[in-house]
Amino acid sequence: MGTTTSATTAATDGATTLADVLVPWFRAHARDLPWRRPETTAWGVLVSEIMLQQTPVARVEEPWRAWLERWPRPSAMAAAPASDVLRAWGKLGYPRRALRLHAAAQAIAADHDDVVPADVETLESLPGIGTYTARAVAAFAHGQRVPVVDTNVRRVVARAVHGDAEAGAAAARDLADVEVLLPRETTDAATMSAALMELGATVCVARGPRCADCPILDRCAWQHRGRPAWDGPVRKAQTWAGTDRQVRGRLLDVLRGAPGPVTAAALEAAWLTDPGQRARCLDSLLVDGLVEPLADGRFALPGEAGDVG
DNA sequence: GACGCGTGGAT
DNA sequence: TATCCAAGCGT
């Protein structure tokens, strides 16, 4: 980073746009994340985007490196059993993401010549790739000029453009909101999207925004309005202790930690508080395809026992 | 549109 | 210690 501001052309009427400020700011201040390096493949970008869904950057860096070293192409991962994929996923959380990435890799290998698609609609047709991830891959891996809207971008737009403290629920209009902020130049458009995300992740954060460090403070609508408090609906607090999520996590942790199939007793020991809840959660893991029952009564990670498809 | 889905660091 | 929150997706 630290490159000089390479004459980002201002709008034809001479007005300085948001992109005129944020693109150079990004080039000077962006974190040096491994998936942003120029040698990163589209597959590497896709893997990073899936891992980063609801998971902080700091916890993704090392698993991402190991993942790309082990499975440098979609076909490599496609050939691995799901059990290997789930163990490599480790404790990143939301393991259904790993299963969907596995399925996406198989589809890319089988139907797309092992090349990560560049078309938003095609990307969205793949498992685990939704509105955000499809556009992130199209923009960051393939340089397309498409709006990329995640929770950071929605917060930045809510504040800087709409003058609200928080973004509220995601809406279809979010894409159009951001599209008008993108510069005409395709390459700069992708950088602008990355800049909006970076600003939201490092400066315009949810709690305790560092407005003194903000490059667009002088044109922030929220600032101009005196930074009024959020008066919209309050998000429901996440509960954790005793939830099915916790129980599922415990059960899966037993499977991941074992070298092979485990007994029903081993899973029962993972959650003694409420046997009914434990049974219900194990069943939901079976439904999700995260666990497989064996004929002898034991349980295994999918594909682990050699029972292919 | 609301809900369920893991995990762990920050405050 | 408890709560908040983190580059969403599928149902």
Side-chain angles (χ1 to χ4, degrees), chain A residues 26 30-31 33-36 44-64 86 89-101 103-104 123-141 147-156 166-175 178 190 193-202 204-210 230 233-256 270-271 277 280-281 283-285 287-291:
Chain A
F26 179 80
R31 293 166 293 175
L33 303 175
W35 43 86
R36 284 178 175 167
V45 171
L46 172 57
V47 172
S48 77
E49 294 299 343
I50 300 293
M51 288 183 168
L52 287 163
Q53 291 171 2
Q54 300 287 283
T55 302
V57 164
R59 284 179 37 212
V60 166
E61 295 202 43
E62 284 314 307
W64 181 85
L86 287 170
W89 193 258
K91 308 203 79 169
L92 278 175
Y94 291 146
R96 294 188 297 188
R97 290 182 294 167
L99 240 38
R100 290 172 183 149
L101 179 57
L123 285 162
E124 282 183 327
S125 74
L126 296 171
I129 300 185
T131 305
Y132 162 76
T133 304
R135 285 163 182 78
V137 171
F140 304 145
V148 182
V149 183
D150 73 338
T151 187
N152 290 306
V153 174
R154 293 197 309 110
R155 185 173 53 251
V156 169
E166 294 183 24
R173 133 149 216 207
D174 296 340
L175 286 176
V178 173
S193 287
L196 287 167
M197 290 176 63
E198 188 75 358
L199 187 67
T202 64
C204 194
V205 295
R207 275 197 295 182
R210 300 163 43 208
W230 173 243
V234 178
R235 275 195 296 275
K236 261 200 271 188
Q238 288 180 342
T239 57
W240 173 247
T243 60
D244 285 3
R245 285 221 306 272
Q246 183 184 24
V247 178
R248 286 167 54 106
R250 288 278 184 84
L251 295 173
L252 215 47
D253 197 45
V254 171
L255 273 300
R256 273 197 310 263
W271 191 257
Q277 183 185 27
R280 181 176 70 245
C281 289
D283 186 64
S284 75
L285 289 170
V287 170
D288 286 348
L290 286 162
V291 179

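By convention in this document, chain letters (A, B, ...) are assigned in the order of the sequence lines, proteins followed by strands, and residues within each chain are numbered from 1. Quick note: numbers below take in every heavy atom, side chains included, and nothing from hydrogens, waters or symmetry partners. Everything quoted here is computed from the prediction, not taken from an experiment.
- Each of A:Ser48 and A:Arg100 was matched to the nucleotide of DNA chain C holding its nearest heavy atom; the match closer to the 5' end belongs to A:Ser48.
- One distance of note links CZ of A:Arg97 with CG of A:Leu92; it measures 6.0 Å at 0.5 Å rounding.
- Comparing C:dA7, B:dC5, C:dC9 against the side chain of A:Arg96 picks out B:dC5 as the nearest.
- Taking atom CG on A:Leu285 and atom P on B:dC5, their separation rounds to 10 Å, with Å as the unit.
- Rounding to whole angstrom units, NZ of residue A:Lys91 and P of B:dC5 are separated by 17 Å.
- Between the side chain of A:Thr133 and the main chain of A:Gly130, no donor-acceptor pair closer than 3.5 Å is present.
- A:Leu33 comes within contact range of at least one nucleobase, with a heavy-atom separation under 4.0 Å.
- Salt-bridge annotation for A:Asp253 and A:Arg256: present, with a side-chain N of the basic residue lying under 4.0 Å from a carboxylate O of the acidic one.
- To the nearest 0.5 angstrom, A:Leu46 atom CG is 7.5 Å from A:Leu123 atom CG.
- Going from atom CG of A:Leu46 over to atom C1' of C:dC9 covers 14 Å, rounded to whole Å.
- At the heavy-atom level, A:Trp35 lies under 4.0 Å from base atoms of the strands shown.
- Here the C1' atom of nucleotide C:dC5 and the OH atom of A:Tyr94 are 11 Å apart, to the nearest Å.
- No engagement by A:Ala136 is indicated, since no non-hydrogen atom pair under 4.0 Å with the nucleic acid exists.
- In this model, no donor atom of one side chain and acceptor atom of the other lie less than 3.5 Å apart for A:Arg31 and A:Thr202.
- Rounded to whole Å, the separation between the P atoms of C:dC9 and B:dG8 comes to 23 Å.
- Between A:Arg248 and B:dG6 there is a side-chain N or O to OP1 or OP2 distance below 4.0 Å.
- Taking atom CG of A:Asp150 as the reference point, atom C1' of C:dC5 lies 14 Å away to the nearest angstrom.
- The interatomic distance linking A:Arg59 (CZ) with B:dA10 (C1') rounds to 13 Å, in whole Å.
- For A:Lys236, the side-chain atoms get nearest to B:dC3 when compared with the rest of B:dC3, C:dA7, B:dG8.
- Residue contacts for A:Asp244: at a heavy-atom cut-off of 4.0 Å it reaches the sugar-phosphate backbone alone, with no base atom in range.
- Going from the P atom of C:dA7 to that of B:dG4 covers 22 Å, rounded to whole Å.
- The C1' atoms of B:dT7 and C:dT11 are separated by 23 Å, rounded to the nearest whole Å.
- In this structure, A:Glu61 atom CD and C:dA6 atom P are separated by 18 Å, rounded to whole Å.
- We find that CG of A:Leu86 is positioned 13 Å from C1' of B:dG6, with the value rounded to whole Å.
- Checking A:Leu290 against A:Ala171, the closest nucleotide of DNA chain B that is more toward the 5' end is the one next to A:Ala171.
- Nucleic acid contact class of A:Val153 (heavy atoms, under 4.0 Å, all strands): none.
- Contact check, A:Arg245 against B:dG8: no side-chain N or O comes under 4.0 Å of OP1 or OP2.
- Side-chain polar atoms of A:Tyr132 and A:Gln53 form no donor-acceptor pair below 3.5 angstrom.
- The side chain of A:Asn152 sits closest to C:dA7 out of B:dC3, B:dT7, C:dA7.
- A distance-only check finds no donor-acceptor pair linking the side chain of A:Arg100 to the backbone of A:Ile129 [under 3.5 Å].
- Nucleic acid contact class of A:Arg155 (heavy atoms, under 4.0 Å, all strands): sugar-phosphate only.
- A donor and an acceptor atom never sit less than 3.5 Å apart when one is taken from the side chain of A:Arg207 and the other from the base of B:dT11.
- Across all strands, A:Leu92 comes closer than 4.0 Å to base atoms (heavy-atom distances).
- A:Gln53 has no side-chain polar atom (N or O) that falls below the 4.0 Å cut-off from OP1 or OP2 of C:dA7.
- Not one side-chain nitrogen or oxygen of A:Thr243 sits closer than 4.0 Å to the OP1 or OP2 atom of B:dC5.
- Looking at which nucleotide of DNA chain C each of A:Arg235 and A:Thr131 is closest to, the 5′-most match is held by A:Arg235.
- The base of C:dA2 lies outside donor-acceptor range of the side chain of A:Gln238, with no N or O pair under 3.5 Å.
- Note on A:Arg256: a side-chain N or O is less than 4.0 Å away from OP1 or OP2 of B:dT7.
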